[in-house]
Structures are given as structure tokens and as C-alpha cells.
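Count residues from 1 along the sequence. For ligands, and for the atoms within them, numbers begin at 1 and follow the listed sequence.
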Amino acid sequence: MRIGLIGTGRIGALHAATLRATPGVTEVLVADADTARAHALAARLGAGVVAAPGVDGLYAAGPDGVVIAAATGAHAPLLHRALDAGLPVFCEKPVALDVPGTLGVAARAATPGAPPVQVGFQRRFDRGYRAARAALRSGELGWLHTLRACTSDRTPPPAAYIPTSGGLFRDCSIHDFDVLRWLTGREVDTVFAMGANRGDAFFRDGDDVDTCAALLRLDDGVLATVTATRYNGAGHDVRLEVCGSAGTRVVGLDDHAALPTAEAELSWRRAEPYATFMERFRAAYAAELAAFVDVAAGRAESPCTVADALEALYVAEACDLSRRTGRPVAVADVRERRG
Ligand SMILES: NC(=O)c1ccc[n+]([C@@H]2O[C@H](COP(=O)([O-])OP(=O)(O)OC[C@H]3O[C@@H](n4cnc5c(N)ncnc54)[C@H](O)[C@@H]3O)[C@@H](O)[C@H]2O)c1
């Protein structure tokens with residue numbers, strides 16, 4: 001199978017290397033709006049990765065499926081193009097910067113006979129998240145009382161990335177919103193969110209926040225907290241605590257956990273904390289792309305649809321509205337108003 005990959009920045013470069021090593025993939029064609037970047041990546045990765053002369057050239061080469069890892073604002077038009085070409089497509093989150101753009105893709109993807117679309121929420125493929133979900137679904141944890149999710153980057157992305165990102169809730173916490181839905185099988189009912197700017201000025205200048213905290217209530221009454229920051233000096237820290245009446249599972253509490261203890265008698269950290277999402281989720285990215293190869297080959301259905309991505313985006317929109325207005329927001333209000 002020959003896969004076309006569009007967007008060769010941070011995550012695109014990683015996906016190209018991962019795809020090349022994925023069973024069933026014989027060639028990865030890469031393209032970027034910055035043609036030199038695509039060529040440099042192909043030269044760096046060598047055998048099995050070929051630079052196409054732009055996105056038109058990539059389609060002309062006749063790939064069997066497309067992976068979109070370009071900047072978020074380009075996702076929706078690139079998704080429409082892949083679907084128009086009749087090709088299975090994997091797209092990084094989020095599907096679009098806004099609800100109308102996501103709804104447009106959702107409608108196109110729901111057309112009878114449309115090729116499958118898989119959205120890149122890789123935590124669904126992470127071993128720890130899967131084990132926590134299995135424990136919850138088995139009844140081992142009893143009834144849930146609290147979910148605590150955190151996504152803390154050690155250092156911020158480049159300043160130029162921020163205005164293209166959609167903001168901290170749509171760019172970062174959206175992973176937690178998706179995983180809460182996927183793990184519990186419930187929808188988020190109400191949110192109350194705040195943001196803070198204590199880091200570089202480019203966040204404020206880009207109408208964004210560098211740190212956020214949101215309180216969520218699920219539609220069965222379970223409470224969840226979701227926090228995110230771009231400045232976690234201890235290391236990249238992505239965790240979820242799933243706390244029930246009969247037991248708890250903590251995702252991300254492994255040897256690399258960026259949690260230096262304040263207790264004198266206790267020392268359990270044995271490995272360096274992860275530096276970025278790339279090390280933290282390397283195995284999950286490989287698993288999600290292997291799953292996409294199965295989807296593209298017609299052997300499996302999409303494990304993460306545009307409809308899923310739309311629901312996560314509604315939660316992100318509700319959080320953004322809440323932090324701007326200082327009030328709790330019902331996700332249904334956002335859904336009705338926007339969609
Ligand atoms: N799932 C994850 O864990 C994860 C992690 C990081 C980024 N992402 C997502 O991946 C996407 C890319 O993020 P990044 O950090 O790699 O960004 P980046 O800025 O490093 O790279 C984006 C690339 O897209 C290219 N590009 C922009 N518009 C294009 C177009 N129309 N056609 C072709 N190429 C185009 C740019 O030239 C650039 O090379 C974002 O949507 C982001 O939300 C997901």
C-alpha cells in the first residue's frame with residue numbers, strides 16, 4: 001500500500017517515519033506547502049519515503065490512502081479533497097478550527113459510499129488508557145465518582161504555531177475531552193473553564209491562554225477535571241485518574257512520570273520524564289497508523305470518526321466560551337447554536 005502524507009512539520013515527520021515501518025506500507029509519498037521541507041524529510045528518512053512535487057503531485061502519483069498532518073486550518077479543505085478523490089483518509093485532530101468546518105466534513109463523510117475517515121486521537125491506542133477503560137467497563141472500579149485528566153507540555157510549541165492552533169482547548173485539551181467520552185461512553189453535559197497567561201506574551205497576543213483548568217459534568221453526573229499547560233518544567237506529563245467506588249486506575253503513572261515526590265521517604269522515579277508527546281505516545285501513534293492501514297485496506301471500520309471529533313470539539317468550544325464569559329456553559333447550548 002502506498003500512503004500519501006500531507007504536512008511534514010513536527011507530527012508529520014514522525015508519522016512519515018512511523019508509516020514507513022508499518023507492515024503493509026510499501027511507500028510513503030510526502031508533500032508540504034513548503035516543498036523544501038518535504039524534500040528535506042524524504043532525504044533524511046531515505047528508502048521508502050519519496051517527496052512529491054506538492055499536493056497535486058501527490059494525488060497524481062495515485063496513493064491508496066492519505067494521512068493529513070498539515071496545520072489545523074488546512075485540515076478541512078484537505079479532507080474534502082481526499083474524499084473527493086475517493087481515498088481513505090487519516091486526519092490529525094482537530095478536524096477543523098471551528099464547528100461549521102467540522103460539520104461540513106462530517107456531512108461529506110456520512111454520504112453513502114464515502115471513503116472512511118479516521119481522526120488522530122492516539123490516546124485511544126495507548127496501552128494505559130486502554131487498560132483503564134477495560135477496568136472501568138468490567139465493573140472492577142465500581143461506580144465512578146471522579147475523573148482527573150491532565151495534559152502538560154514541558155515547553156511551549158513555536159510561537160508561530162499558536163495562531164494556527166485554535167487555542168489550548170481545541171488544540172490540547174481536546175485529547176482529554178475525546179478520551180473521557182471514549183472511556184466512559186458518556187457525553188459531557190456542562191463545563192466551567194478558566195484560563196491563565198503567566199508565560200510568554202505570544203499566547204495572550206494570539207488570543208490564547210498558556211494554562212487552563214476546566215470542571216466538567218458528564219451526563220450521568222460524574223465529575224471530571226481537565227487541566228493543561230504549555231510550561232511544565234518537570235517534564236511532559238499526560239495522565240488520567242479514573243476513580244471509582246471500588247477502585248482507581250491512573251494512566252501515565254509509569255517510570256517516566258514527571259512527578260517528583262515531596263515525601264522524604266519515598267522515591268519511585270527511575271527513568272527520565274518524557275520530553276514531548278512524541279516519546280510519550282510513540283507506541284500509540286504506531287498503533288493508530290497500523291489501524292489506519294487496516295481501515296484503508298477495508299479490513300476494519302474507522303476507530304475514531306468525524307462524529308467523535310465533532311463531539312470533542314463541542315466540549316472544547318463550550319470551554320472556550322466559558323473561560324471568556326466566566327460562566328458555566330451547557331454543551332447542548334453550543335451544539336444547538338452552532339450545529
Ligand atoms: N495527535 C497529536 O498528539 C498531535 C501532536 C502534535 C500536532 N498534532 C496536530 O497535527 C497538526 C500539525 O501539527 P504540527 O505540530 O506538526 O505543526 P507544524 O507547524 O510543525 O507543521 C505543520 C506543517 O503543515 C504544513 N502545511 C500548512 N498548510 C498546508 C497545506 N495547505 N498543504 C500542505 N502542507 C501544509 C506547514 O508547511 C508545516 O510544515 C495540527 O493539526 C496539530 O493539532 C497532533
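Of all the heavy atoms of Ala69, the ones lying under 4.0 Å from any atom of ligand 1 belong exclusively to the backbone. Contacts of Phe121 with ligand 1, taken as heavy-atom pairs under 4.0 Å, are absent altogether. Residue Thr164 does not touch ligand 1, judged by heavy-atom distances below 4.0 Å.
For ligand 1, the atoms lying closer than 4.0 Å to a non-hydrogen atom of Gln122 are 1 (N), 2 (C), 3 (O). Heavy-atom proximity to His175, at under 4.0 Å, picks out these atoms of ligand 1: 1 (N), 2 (C), 3 (O). For ligand 1, the atoms lying closer than 4.0 Å to a non-hydrogen atom of Phe277 are 5 (C), 6 (C). In the vicinity of Gly120, heavy-atom distances shorter than 4.0 Å reach the ligand 1 atoms 1 (N). Ligand 1 places these atoms under 4.0 Å from at least one heavy atom of Asp171: 43 (O). Distances below 4.0 Å separate heavy atoms of His75 from the following atoms of ligand 1: 41 (O).
With distances taken over non-hydrogen atoms, the option nearest atom 28 (N) of ligand 1 out of Ala74, Ser165, Pro157 is Ala74. Of all the listed residues (Arg37, Glu92, Glu288), Arg37 holds the heavy atom that lies closest to atom 38 (C) of ligand 1. Across the listed options Ala71, Gly9, Ala33, Gly12, Ala71 owns the non-hydrogen atom lying nearest to atom 24 (O) of ligand 1. When the heavy-atom distances from atom 11 (C) of ligand 1 to Gly7, Cys172, Ala13, Ala70 are ranked, the shortest goes to Ala70. Counting heavy atoms only, Asp32 comes closest to atom 23 (C) of ligand 1 of the residues Thr151, Val55, Val119, Asp32.
Cation-pi contact between Arg323 and Phe192: absent, since separation from the ring centre below 6.0 Å together with deviation from the ring axis within 45° is not met.
Crowding of Arg324 atom CZ: a count of heavy atoms from other residues, nucleotides or ligands under 6.0 Å exceeding 12. Annotation: Arg198, atom CZ; neighbour count of heavy atoms from other residues, nucleotides and ligands within 6.0 Å does not exceed 12. Other residues, nucleotides and ligands place more than 12 heavy atoms under 6.0 Å from the CZ atom of Arg137. Environment of CE in Met194: sparse, with no more than 12 heavy atoms of neighbouring residues, nucleotides or ligands closer than 6.0 Å.
Under a 4.0 Å N-O distance rule, the pair Glu317/Arg170 qualifies as a salt bridge. Using a 4.0 Å cut-off between charged nitrogen and carboxylate oxygen, Arg239 and Asp237 count as a salt-bridge pair.
Closest to atom 9 (C) of ligand 1, if we only count protein heavy atoms, is Lys93 O, 3.7 Å. Nearest protein heavy-atom neighbour of atom 3 (O) of ligand 1: Tyr285 OH, 2.7 Å. Here the protein heavy atom with the shortest distance to atom 42 (C) of ligand 1 is Tyr161 OH, 3.3 Å. If you check which protein heavy atom lies closest to atom 20 (O) of ligand 1, you get Arg10 N, 3.0 Å. Nearest protein heavy-atom contact of atom 40 (C) of ligand 1 is Thr72 OG1, 3.4 Å.
For ligand 1, the polar-atom distance check finds an N/O of Ile11 within less than 3.5 Å of one of the ligand's N/O atoms.
Side-chain N/O atoms of Thr229 and Arg154 include no donor and acceptor closer than 3.5 Å. Side-chain polar atoms of Glu92 and His15 form a donor-acceptor pair below 3.5 angstrom.
The one candidate from Asp178, Asp308, Asp171 that meets the salt bridge (charged side-chain N to carboxylate O under 4.0 Å, His left out) condition with Lys93 is Asp171.
Applying the side chain to side chain donor-acceptor pair (under 3.5 Å) rule to pairs touching residues 67-90 yields Asp56-Arg81, Asp84-Arg108, sequence neighbours excluded.
The aromatic rings of Tyr285 and Phe277 sit perpendicular, their planes meeting at an angle over 60°, well past the 30° parallel limit.
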